[in-house]
Each structure stands twice: as structure tokens, then as C-alpha cells.
2 protein chains.
Amino acid sequence: METGLEAFVALCRKSEIKVTPQRLEIYKEIISADNHPSAEYIYQNIRSRLPGISRDTVYRTLSSFQEWGLISQVPNLDEMIRFDPNTQPHHHFVCEKCRKLIDFSWSEFDSMAIPAKLNGIGTIHNRHVEIYGLCQECASKEQQ
Amino acid sequence: METGLEAFVALCRKSEIKVTPQRLEIYKEIISADNHPSAEYIYQNIRSRLPGISRDTVYRTLSSFQEWGLISQVPNLDEMIRFDPNTQPHHHFVCEKCRKLIDFSWSEFDSMAIPAKLNGIGTIHNRHVEIYGLCQECASKEQQ
DNA sequence: GTCGTTGCAAAAGTTTTGCACGTTA
DNA sequence: TAACGTGCAAAACTTTTGCAACGAC
């Protein structure tokens with residue numbers, strides 16, 4: 001925890017990023033929360049310590065932290081909900097550029113034993129793979 | 001296509017669900033679109049054929065279709081973006097009830113060859129597993 | 001003092017809800 | 001005709017943006 005904060009301040013000094021109370025609190029909240037918080041959750045939790053903070057500071061700071069490689073976004077397809085006429089369990093290839101989704105099956109994965117570390121984690125219902133990359137169309141456009 | 005539509009009408013008749021022009025168009029759009037469309041995409045595409053249709057009909061119909069098992073939602077953690085202080089590639093266990101996320105690594109999966117079917121699909125950058133279930137806390141509450 | 005950051009306010013975009021009217025069976 | 005479905009309008013909620021004031025270095 002301490003180490004994380006110190007590393008943050010050191011990185012800022014080195015990278016000419018200004019250290020502000022808001023950034024410190026947001027960073028502290030993310031590394032101490034164990035639930036992969038959302039922007040709104042962070043905002044609500046910080047308000048008691050920094051009463052004047054505004055939502056947009058939280059959003060902008062999180063966006064900056066991502067840019068600087070301090071945090072990452074939990075993989076999520078889109079901000080929009082998308083629908084699938086295939087109601088059977090299956091996996092997805094996701095084009096990072098055009099967001100096209102291609103279904104595929106992977107029986108070898110489906111029948112694979114789950115890591116031993118997950119034994120006491122709870123009840124497992126199903127599993128899903130997402131493979132990210134560029135689809136053929138986008139990959140060929142990229143080369144031009 | 002035809003078969004899908006006929007099956008839809010048959011299911012409706014059997015289940016005392018009313019067949020309306022809006023429902024038919026929305027269903028047709030989903031099964032013919034190859035891109036796992038969003039509600040907004042479906043709305044925009046149907047408007048030319050059903051000029052009077054409203055957004056909320058599309059949303060409510062999609063919600064009904066899900067309830068009836070005709071379509072599924074593409075797996076997505078939440079409507080909100082969530083952040084992760086762990087910037088290394090890793091996988092997630094997702095509790096379906098409290099939405100808690102637990103990180104885990106799975107080197108056996110990471111080094112597994114990707115299905116041959118995906119060979120010509122494009123450029124692959126990375127892959128991510130999501131395991132869905134109930135965490136220990138929620139599973140024990142469930143039993144009570 | 002300079003320039004990056006912040007707060008405020010407003011807006012954009014997705015999704016939900018209440019209510020009166022229309023339509024299906 | 002009875003019950004369900006739809007359209008309209010408004011609202012809730014997450015996220016983004018423009019601008020003036022503030023604060024870190």
C-alpha cells in the first residue's frame with residue numbers, strides 16, 4: 001500500500017505529472033479496493049475525504065491513469081449491450097477496431113480442468129473466452 | 001431465415017405471446033444481422049421498414065426475447081466501466097450475484113493453441129477468460 | 001508565474017418507466 | 001372485448017466536454 005503510493009509519487013515526479021490531493025486519493029482508493037471499482041464507486045467513496053471533488057475529476061483522472069499505464073480497464077465489449085441469437089454457450093473473437101464479434105466453439109477449452117487455485121472460490125456455472133485482435137478486414141486496412 | 005421466423009411464430013402461438021409487426025421485424029433483424037447488434041443499431045435499421053416504431057419498443061422487446069430464451073446478451077460485466085490496478089494480463093472469476101471480480105492466472109490456458117478454425121480470422125493480440133458463478137459468500141447465502 | 005488540473009454546468013448517449021391509446025387473439 | 005403491446009414523453013444514469021478559476025511546481 002505504502003509502497004504503491006510511493007511508487008505513484010515517484011512516477012509522477014519523474015514524468016512531470018503533478019501530484020494533487022485528488023489524484024492521491026483516487027489512486028489510494030483503487031489499490032486498496034478489492035472489487036475492481038467503477039468511477040462512480042470511487043467518487044462516492046472519496047467524497048467523505050475530499051468533500052469538494054467532482055465527478056469529472058474522477059473520470060478524467062482514471063482516464064489519465066490508464067494512459068500512464070497505472071491501471072487498466074476491465075475487459076468489456078462496449079458501453080452498449082449487444083444481443084446474440086445464439087443462446088448456446090460459445091466464445092467470441094472481438095475485433096478491437098470495428099468491434100465485430102465472431103462466434104466460435106472450443107471444446108478443448110470447455111473440457112479443460114479449471115486451475116486448482118479456484119477450488120474454494122465458490123460455485124462455478126460457466127466459462128467464456130474472449131480473443132481480442134483485428135479482423136481480416138481491419139488488419140488489411142491497417143497495413144496500407 | 002424463414003425457418004427461424006416460422007419457429008418464432010410457432011413459439012408465440014404456443015406460449016400465448018402476441019405476434020406483432022414490431023416483434024417480427026426485431027426478430028428478423030437479429031437473426032439476419034451478423035454483428036451481434038445493439039438495441040440502438042436494431043432500432044435504426046428497422047426504422048425504414050417500420051417508420052413509427054419507438055426506441056422503447058425495441059428495448060422492451062429485446063428484454064422479452066431474452067426472458068423467453070430466444071436471444072442472449074453478449075457477456076458483459078456491467079453497464080459501468082470498472083478499473084483494475086493489475087495491469088498484467090490475467091483472468092477473472094465473476095460473481096453473478098454481487099458482481100465481485102477475483103483475478104487469477106492460468107498459464108495452462110495462456111499457452112494453449114488457439115482452435116484451428118480461427119486461423120484465417122485476422123491478427124490475434126490477446127485472450128481473456130471469464131468464469132461465471134457464485135462467490136463463496138453469495139453461494140452460502142443462497143443455501144439459507 | 002506558467003501551465004497543467006480542477007470544479008461547475010451543460011450535454012450526449014443508453015436505458016427505464018408511467019400512462020393513455022391501439023392492436024392482437 | 002379483454003388483456004397485452006405500443007408510442008410518447010420524461011427521467012435516470014454513466015460519461016464527455018467547454019470554460020474559467022485554482023494550485024502544483
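The chains referred to below are lettered A, B, ... by the order of the sequence lines, with proteins before strands, and numbering in each begins at 1. The model shown is predicted, which means the values in this text are computed figures rather than measured ones.
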Side chain of Thr57(A) only, please: which of dG4(C), dG7(C), dT24(C) is the nearest?
-> dG7(C)

In whole angstrom, what separates Phe83(B)'s CZ from dT15(D)'s C1'?
-> 10 Å

Quickly work out the Glu67(A) CD to dT5(C) P distance and round it to whole Å.
-> 10 Å

note: Gln22(B), atom CD; dT24(C), atom P; distance rounded to Å ~ 8 Å

Tyr27(A)/Phe65(A) aromatic ring centres below 6.0 Å = yes

Find the distance Ile53(A):CD1 to dT6(C):P and express it as a whole number of Å.
-> 8 Å

Specify the separation, in whole Å, of atom CG of Asn76(B) and atom P of dT14(C).
-> 14 Å

DNA chain C: Ile17(B) or Ala39(B), which has the more 5' nearest nucleotide?
-> Ala39(B)

Sugar-phosphate means primed atoms, P, OP1 and OP2; the rest is base. With that split, encode nucleotides 9-14 of chain D 5' to 3' as B, S or - using protein heavy atoms under 4.0 Å.
-> B----S

Between Thr20(B) and dG5(D), is there a side-chain N or O to OP1/OP2 distance below 4.0 Å?
-> no

CD/Gln136(B) to OG1/Thr123(A) distance, rounded to the nearest 0.5 angstrom?
-> 9.0 Å

Want to settle it: does Val19(A) or Ser38(A) sit nearer the 5' end of DNA chain D, counting the closest nucleotide to each?
-> Ser38(A)

Counting side-chain heavy atoms from CB outward, which of dA24(D), dG5(D), dG7(C) is closest to Arg23(B)?
-> dG5(D)

Do Trp106(B) and Phe109(A) have ring centroids that are under 6.0 Å from one another?
-> yes

Looking at Ser54(B), does any N or O in its side chain come under 4.0 Å of the phosphate oxygens OP1/OP2 on dG7(D)?
-> yes

Does atom CD of Gln44(A) have more than 12 heavy-atom neighbours from other groups under 6.0 Å away?
-> yes

Heavy-atom distance under 4.5 Å between the side chains of Phe8(A) and Arg23(A), does that happen here?
-> yes

Between CD of Glu25(B) and P of dT6(D) the distance, given in whole Å, is 13 Å

How about Gln73(B): does its CD atom have over 12 heavy atoms from other parts shown lying under 6.0 Å from it?
-> yes

Arg13(B) CZ to dA25(C) C1': how many Å, rounded?
-> 8 Å

What's the CG-P distance between Leu24(A) and dT6(C), to the nearest Å?
-> 10 Å

Which part of the nucleic acid does Glu16(A) contact within heavy-atom distance under 4.0 Å: base, sugar-phosphate only, or nothing?
-> nothing

Does the side chain of His91(B) reach to within under 4.5 Å of the side chain of His128(B), using non-hydrogen atoms?
-> yes

Scan Arg60(B) against the nucleic acid and name what it touches under 4.0 Å (heavy atoms): base, sugar-phosphate only, or nothing.
-> base

